[in-house]
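This structure is a prediction, so every number in the text was calculated from the model and none was measured.
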Amino acid sequence: MLLRHLVLLQFRADTAPEVLNALLADFAALPSKIPGISALEWGQNNSIEGLDKGFSHCFLLSFVDAAARDAYLPHPEHQALVARLKAQLADVLVLDYYPQG
């Protein structure tokens with residue numbers, strides 16, 4: 001069953017634009033490097049509601065099943081990105097869910 005992996009990122013205020021752009025590109029490239037990711041979409045917050053709590057970027061990965069997600073988490077490409085992201089993040093929020101309806 002398809003599994004979604006939602007990642008919300010809040011970057012530090014001092015993250016340089018070129019560093020941010022490189023991290024976003026690296027995240028977007030994960031499906032070409034890690035098997036089991038069936039889709040990835042991402043974007044930058046543009047809500048006018050003011051409820052983002054400082055989270056500026058969202059990534060939604062779809063995995064073919066929970067086993068694919070479980071293989072993704074410790075995958076060296078993912079772990080390398082996580083290490084680079086940690087240096088630039090103020091906060092992160094991750095939710096996994098099975099789509100309903």
Side-chain angles (χ1 to χ4, degrees):
M1 175 183 257
L2 187 68
L3 178 67
R4 303 267 203 238
H5 181 72
L6 177 65
V7 180
L8 301 174
L9 302 175
Q10 182 183 120
F11 288 93
R12 291 185 357 213
D14 63 347
T15 299
E18 61 274 7
V19 172
L20 174 61
N21 289 335
L23 289 168
L24 297 174
D26 289 347
F27 207 138
L30 288 180
S32 68
K33 299 176 179 182
I34 303 175
I37 301 173
S38 61
L40 181 146
E41 61 181 61
W42 70 276
Q44 185 170 355
N45 179 47
N46 68 358
S47 175
I48 60 172
E49 293 180 285
L51 301 173
D52 53 74
K53 297 185 180 184
F55 290 96
S56 60
H57 291 78
C58 173
F59 286 82
L60 179 61
L61 295 91
S62 297
F63 291 95
V64 295
D65 56 24
R69 184 267 327 265
D70 295 349
Y72 159 84
L73 293 173
H75 192 283
E77 291 286 344
H78 176 244
Q79 287 303 307
L81 176 60
V82 167
R84 292 191 306 276
L85 279 168
K86 280 185 179 181
Q88 301 300 321
L89 291 179
D91 203 358
V92 62
L93 176 65
V94 177
L95 298 172
D96 291 351
Y97 65 94
Y98 291 104
Q100 306 294 310

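Separating the CZ atom in R69 from the OG atom in S62 is a distance of 12.5 Å, to the nearest 0.5 Å. Within the model, atoms CG of L2 and OG of S38 stand 5.0 Å from one another, a figure rounded to the nearest 0.5 Å. Here C58 contributes atom SG and W42 contributes atom CH2; the two are 11.0 Å apart, rounded to the nearest 0.5 Å. Separating the NE2 atom in H57 from the CG atom in L85 is a distance of 11.0 Å, to the nearest 0.5 Å. We find the CD-CG distance between Q44 and L24 to be 8.0 Å, quoted to the nearest 0.5 Å. To the nearest 0.5 Å, the span separating NE2 on H75 from CG on L81 amounts to 12.5 Å.
Remark: the backbone N or O of K53 is paired with a side-chain donor or acceptor of Q10 at under 3.5 angstrom. Under the 3.5 Å distance criterion, the side-chain polar atoms of R12 are matched with a main-chain donor or acceptor of A87.
Taking all atoms of both residues into account, the shortest heavy-atom contact from L73 to Q79 is O-NE2, 2.5 Å.
In this structure, L60 shares a hydrophobic cluster with L6, L8, F55, L93, L95, Y97, the cluster being traced through Ile, Leu, Val, Met, Phe, Trp and Tyr side chains under 4.5 angstrom apart.
Of the charged side-chain nitrogens involved, none lies within less than 4.0 Å of a carboxylate oxygen, so that R4 and D96 do not count as a salt-bridged pair.
No more than 12 heavy-atom neighbours from other residues, nucleotides or ligands sit within 6.0 angstrom of CD on E41.
For H78, the ring pair (Phe, Tyr, Trp, His ring centres under 6.0 Å) test picks out Y72, with sequence neighbours left out.
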